[in-house]
Amino acid sequence: MHDTANNLEALIRECDDLRRELAASNRLDTLIAAFLDLVKADTDTPELLRQVVNLLARGTGFMAVGLRLREGSDYPYFQTRGLSEAFIRLENSLCPQGNHQRPAGDRDGAAPLECACGMVIEGRIDRNEPFFTEYGSLWTNSNTELLRARPQLREHIRGNCLAAGYESSALIPLRCEATTHGLLQLEDKRPGRFTPQLLRGLELIARHLALALSQREALEALRADGRTLSLRLSEGAKALNASEARFRTLANTIPQLAWMARADGHIVWYNDRWYAYTGTTPEEMEGSGWQRVHDPATLPAVLEQWKASIATGQPFDMVFPLRGADGRLRPFLTRVNPLRDATGQVLQWFGTNTDISQQKALEAELRQREEQLRLYITHAPAAIAMFDKDMRYLAASQRWVADFGLAGQPLLGRSHYEVFPEIPEHWKDIHRRCLAGAVERAEEDAFVRADGASQWLRWEVRPWYTPEGAIGGIAVFSEDITARKLAQQALAERELQFQKVFQASPAPMAILSFESGRFVHANDAYLGLLGYAPDELLGKTTVELGIWDDPQARRRIRKRFAAGKPIVDAEVRLRAKTGENINALLSIEPITIANSVHMLAVTKDITERKLAEQRLRQARDVLEDRVQARTQELEARTIELDKFFSVSSHDLQEPLRKIRVFGERLRLEYADALGDTGRDYLRRMENAATRMQTLINGLLEYSRASRNLPRFAPADLGEIAGQAARDFEPGLAAAGGHIEIGALPQAEVDGALLNQVFRNLFSNALKYHGQTPPVVRVSGAIVSEAGMQWARFSVTDNGIGFDLRFKNKIFQPFQRLHGNTAYAGTGIGLAIVRRIVELHRGTITVDSAPGQGARFIVSLPVSQPGRGSGT
């Protein structure tokens with residue numbers, strides 16, 4: 001932001017310099033033209049001299065202007081402006097006053113005139129000195145520096161100018177040939193007021209004024225002596241001719257092209273600069289030869305205006321190009337003034353052509369710079385606006401428009417306070433101070449907008465200056481830092497919250513500098529854990545305090561942290577201030593504070609847990625011994641139970657077999673003798689025996705499912721389901737149904753037991769399919785729950801369904817929802833399914849409704865923890 005402001009300020013200063021240079025050139029031309037008008041006017045000499053002094057004071061802006069004229073042997077002030085009466089009393093006479101050393105007398109034996117004015121009037125100068133001109137003027141832009149560099153000058157001056165505080169001084173003689181009429185004196189307390197161009201213009205005025213004074217002295221002498229009127233007229237004519245000759249000589253020294261014409265406009269004389277610039281000869285300029293150096297495109301307009309001036313006697317003033325000896329056309333400011341006799345008739349014309357190509361170039365450059373400035377301001381990547389002294393917009397950058405939401409609003413010429421009526425009064429005071437020359441800035445300042453929103457700004461206000469050095473208005477540079485301010489506020493709030501959470505956290509926490517290893521912060525929990533006071537811990541290192549029980553562990557953790565690897569729950573041993581060892585889990589996170597890497601250490605005291613773990617290990621060892629003994633006892637009982645079930649099944653099934661055999665004989669051999677009632681009793685007895693046989697087989701199957709420990713191995717559940725489905729293909733084909741098996745995951749299971757699960761679920765679905773052909777769909781996927789991977793599959797049928805109130809009953813052994821005659825079965829199948837799923841450490845649920853089928857959902861671990869043969 002500061003670089004942008006400095007570049008803009010340099011560009012403004014450069015434009016101001018160009019304006020001042022151009023303005024100075026214009027002012028000098030205007031001053032010379034006004035002076036020539038005064039000289040040509042029919043005004044008495046005292047009034048002429050008074051007007052000349054006033055003109056020089058106004059035209060140059062100098063604080064004091066004085067005109068000395070010869071009076072006997074002295075040169076007192078004839079006319080002044082700006083010189084105090086006290087100064088005039090001290091300096092009015094240049095005759096010796098005996099208050100300083102004087103050089104030797106002149107050739108007539110009279111003492112030379114005093115001070116610098118006397119030196120210039122009498123020509124006692126050294127043209128090799130830089131403060132004297134070829135014409136004989138003395139000038140300086142700093143009297144103080146001049147006397148410091150030439151201390152010997154103090155012997156020849158009175159010092160009143162220096163005492164009055166004048167720094168910029170010029171003494172210009174009014175000299176015509178060998179006659180010195182007097183002296184022009186310009187003074188200013190501001191240093192650096194003269195330029196070589198201004199000095200040359202003042203010397204030109206001095207020459208013309210001396211010439212006019214010579215002419216007027218001659219005319220006044222002729223009027224005073226009527227007896228020698230003819231002689232004096234003759235002498236006056238000669239003097240006039242001589243004056244004209246001198247004028248032509250002077251005209252050859254001015255920097256302009258000059259020429260003289262008769263009353264009818266016929267040019268009779270050109271100065272040397274005309275011929276030098278145009279590269280022409282007097283013969284070529286005879287008659288209308290001057291037209292050959294004009295641009296044919298502008299010549300008609302020049303001729304028309306020149307003829308109008310000749311006809312009316314009015315001055316000619318016009319800008320047009322003239323061709324130089326190099327063939328180039330350059331713009332010239334041409335001014336032609338008539339010289340009149342006592343009756344007002346035009347005697348001749350005097351014209352000057354001033355080369356303004358440099359001025360035009362400066363104007364073009366100024367316009368270019370102004371356009372560059374406008375483009376710079378408009379497209380600058382900063383919010384910039386320029387205002388006049390009434391705070392009206394002169395320019396505004398696009399960033400300014402965007403930052404303040406001014407898109408679509410006309411700004412140029414409008415008051416800043418109209419655009420922003422909410423501007424606070426203290427900002428208006430700042431604007432007023434800067435319009436008076438102050439430069440003010442703020443790194444952050446809140447601008448409360450009309451809608452109540454706050455916009456945070458970083459701004460700088462400084463004045464800009466006109467070519468004349470006056471303040472023209474102010475430039476405002478601003479940057480919308482609202483986002484940064486809000487971010488800072490949010491950061492401060494987060495830091496405060498962090499401090500509160502950090503301090504109030506029950507977890508012991510500390511922050512250490514990674515570079516030095518010293519403690520920066522520690523909460524009360526951390527201090528309490530280690531038993532230190534804040535002043536005992538902060539600023540120290542863990543090494544200095546001897547906190548680490550194992551220094552090698554500290555180095556390993558620090559190395560791991562430096563490598564960017566996470567440190568989470570690293571088990572360490574710390575030493576408290578009392579020397580007591582503390583078992584802890586240490587986690588370290590990087591945290592940046594003031595652009596420096598720090599370590600946020602979170603410590604968890606696990607001393608009690610370690611003691612509990614030790615006690616648990618001891619208890620576990622005892623428990624394992626008990627479990628091993630109990631397991632051996634259970635295995636022995638299981639063997640006994642197997643024998644019991646084997647014997648029971650044999651012992652129970654033998655009487656049943658005899659009942660069924662004898663019942664069959666009764667039905668075959670004695671059916672007629674039994675009668676209807678007997679045959680009904682026999683049928684019931686056979687059915688009961690068959691059902692008893694089925695129940696005993698189901699009980700044996702459930703017992704085997706409970707006793708057999710699974711043998712886990714990775715398996716494809718889809719293949720197991722397909723094998724189980726093939727056993728039902730004949731019955732499905734007869735009933736017009738089918739089983740659809742989608743993609744199923746893999747898992748560690750006992751394939752034989754899981755085959756039994758699918759068989760029982762398929763059998764259950766086909767048994768209760770109702771009046772419609774049975775359709776069974778199997779689908780599955782891997783899911784993540786409770787930190788584990790589960791193989792989940794579902795078996796869905798379109799059967800009769802059931803009320804979910806009985807969803808727990810259907811998994812109990814021998815529990816049925818329908819009568820024994822409605823549907824075949826013992827009610828043991830789903831109980832076996834649940835038992836096998838539980839042996840796989842899984843779960844089974846069901847979703848159903850009457851008449852809408854049933855959906856059984858089985859979830860099995862993908863990997864069995866601690867799996868092995870029989871485990």
Side-chain angles (χ1 to χ4, degrees), residues 31-32 35 38-39 45 48-49 52-53 55-57 60 62 64-81 83 91-95 103 106-108 110-141 143 146 153 156-158 160-161 166 168-188 194 196-218 242-243 246-247 249-255:
L31 177 63
I32 293 174
F35 167 75
L38 285 178
V39 171
T45 300
L48 170 65
L49 297 178
V52 168
V53 169
L55 175 64
L56 290 177
T60 63
F62 271 76
V65 178
L67 171 64
R68 291 181 182 272
L69 289 182
R70 184 177 62 230
E71 188 177 291
S73 60
D74 200 357
Y75 287 81
Y77 285 112
F78 181 82
Q79 186 73 39
T80 65
R81 180 169 176 176
L83 293 174
E91 286 291 321
N92 194 45
S93 176
L94 297 179
C95 290
D106 61 9
R107 62 188 178 186
D108 297 327
L113 299 177
E114 287 187 341
C115 207
C117 291
M119 294 170 61
V120 172
I121 289 172
E122 294 180 344
R124 292 182 281 110
I125 63 174
D126 182 359
R127 285 184 169 81
N128 292 323
E129 290 286 1
F131 46 85
F132 286 115
T133 68
E134 186 65 27
Y135 176 64
S137 303
L138 183 150
W139 72 286
T140 177
N141 274 322
N143 279 312
L146 176 60
L153 291 176
H156 304 285
I157 64 174
R158 296 171 178 171
N160 291 321
C161 290
Y166 293 129
S168 297
S169 300
L171 305 175
I172 305 170
L174 302 178
R175 185 175 294 117
C176 183
E177 295 185 344
T179 303
T180 301
H181 293 276
L183 181 82
L184 275 178
Q185 180 180 355
L186 290 90
E187 302 286 352
D188 203 297
F194 286 105
Q197 183 183 17
L198 175 59
L199 198 61
R200 286 194 299 271
L202 292 172
E203 287 182 338
L204 177 62
I205 290 173
R207 289 189 182 104
H208 278 278
L209 185 57
L211 176 60
L213 289 174
S214 294
Q215 292 174 342
R216 286 172 181 259
E217 284 181 357
S243 295
R246 287 192 298 271
F247 176 78
T249 300
L250 291 174
N252 277 322
T253 65
I254 64 176

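Since the model is a prediction, treat every value here as computed from it, not as a measurement.
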Margin query: Could you report the tightest heavy-atom contact between Thr133 and Arg127, atom names first, then the distance?
Written below: O-NE, 3.7 Å
Notebook entry, point to check: Would Arg70 and Thr179 satisfy side-chain contact (heavy atoms from CB on, under 4.5 Å), going step by step from the backbone distance to the final call?
Noted result: CA-CA 10 Å; Arg70 184 177 62 230; Thr179 303; 3.7 Å; yes
Notebook entry, point to check: Can you tell if the side chain of Leu202 reaches within under 4.5 Å of the side chain of Leu198, non-hydrogen atoms only?
Noted result: yes
Notebook entry, point to check: Does some side-chain heavy atom of Leu183 sit less than 4.5 Å from a side-chain heavy atom of Phe78?
Noted result: no
Check: Roughly how far apart are Leu67 CG and Leu56 CG, rounded to 0.5 Å?
Finding: 9.0 Å
Check: Atom SG in Cys161, atom CZ in Arg158: separation rounded to 0.5 Å?
Finding: 10.0 Å
Check: Listed by chain and number, what are the side-chain hydrogen bond (donor to acceptor under 3.5 Å, both in side chains) partners of Asn143, not counting sequence neighbours?
Finding: Ser169
Margin query: If you compare all heavy atoms of Val120 against all heavy atoms of Pro173, which two are closest, and at what distance to 0.1 Å?
Written below: CG1-CD, 3.7 Å
Check: Of the non-hydrogen atoms in Ala116 and Leu138, which two are nearest, and what is the gap between them?
Finding: CB-CD1, 4.4 Å
Notebook entry, point to check: Any side-chain heavy atom of Phe194 within less than 4.5 Å of one from Leu186?
Noted result: yes
Next item on the list: State whether a side-chain donor-acceptor pair under 3.5 Å links Ser137 with Glu203.
Entry: yes
Note to self: Under the rule for side-chain hydrogen bond (donor to acceptor under 3.5 Å, both in side chains), what residues qualify as partners of Asp74, not counting sequence neighbours?
What the structure shows: Ser93
Notebook entry, point to check: Among all residues two or more places apart in sequence or in another chain, which pass the side-chain hydrogen bond (donor to acceptor under 3.5 Å, both in side chains) test with Thr60?
Noted result: none
Checklist line | Approximate separation, where rounding is to 0.5 Å, of Arg124 CZ and His156 NE2 | finding: 8.5 Å
Next item on the list: Identify, with sequence neighbours excluded, every residue that meets side-chain contact (heavy atoms from CB on, under 4.5 Å) alongside Ala206.
Entry: Tyr135, Ile172, Leu174, Leu184
Note to self: Quick check: closest heavy atoms across Leu94 and Gly118, and the distance to 0.1 Å?
What the structure shows: CD1-N, 4.0 Å
Check: Going through the checks in order, is the side-chain contact (heavy atoms from CB on, under 4.5 Å) test met by Tyr166 and Phe62?
Finding: CA-CA 11 Å; Tyr166 293 129; Phe62 271 76; over 6 Å; no
Next item on the list: Look up atom NE2 in His181 and atom CG in Leu213, then write down how far apart they are to the nearest 0.5 Å.
Entry: 6.0 Å
Checklist line | Residues which pass side-chain contact (heavy atoms from CB on, under 4.5 Å) with Thr80, listed by chain and number, not counting sequence neighbours | finding: Tyr77, Leu83, Ile88
Notebook entry, point to check: Considering residues at least two apart in sequence or located in another chain, which fulfil the side-chain contact (heavy atoms from CB on, under 4.5 Å) criterion with Leu48?
Noted result: Leu38, Val52, Arg216
Next item on the list: Check the pair Glu187, Ser168 against side-chain contact (heavy atoms from CB on, under 4.5 Å), reporting the backbone distance first and the verdict last.
Entry: CA-CA 6 Å; Glu187 302 286 352; Ser168 297; over 6 Å; no
Margin query: How long is the straight-line distance from CD of Glu91 back to CD of Glu114, given to the nearest 0.5 Å?
Written below: 9.0 Å
Checklist line | Atom of Ile205, atom of Phe35 and distance for their closest heavy-atom approach | finding: O-CZ, 3.3 Å
Margin query: Checking Gln79 against Arg68 for the side-chain contact (heavy atoms from CB on, under 4.5 Å) test, could you report, in this order, the C-alpha distance in whole Å, the side-chain angles of both residues, the deciding distance, and whether it holds?
Written below: CA-CA 7 Å; Gln79 186 73 39; Arg68 291 181 182 272; over 6 Å; no
Checklist line | Test side-chain contact (heavy atoms from CB on, under 4.5 Å) applied to Thr180 - qualifying residues, sequence neighbours left out | finding: Tyr75, Ile121, Arg175
Note to self: Could you measure the distance from the CG atom of Leu171 to the CD1 atom of Ile125? Nearest 0.5 Å is fine.
What the structure shows: 11.0 Å
Checklist line | Residues that Glu71 engages under salt bridge (Lys or Arg N to Asp or Glu O under 4.0 Å), provided they are two or more places apart | finding: none
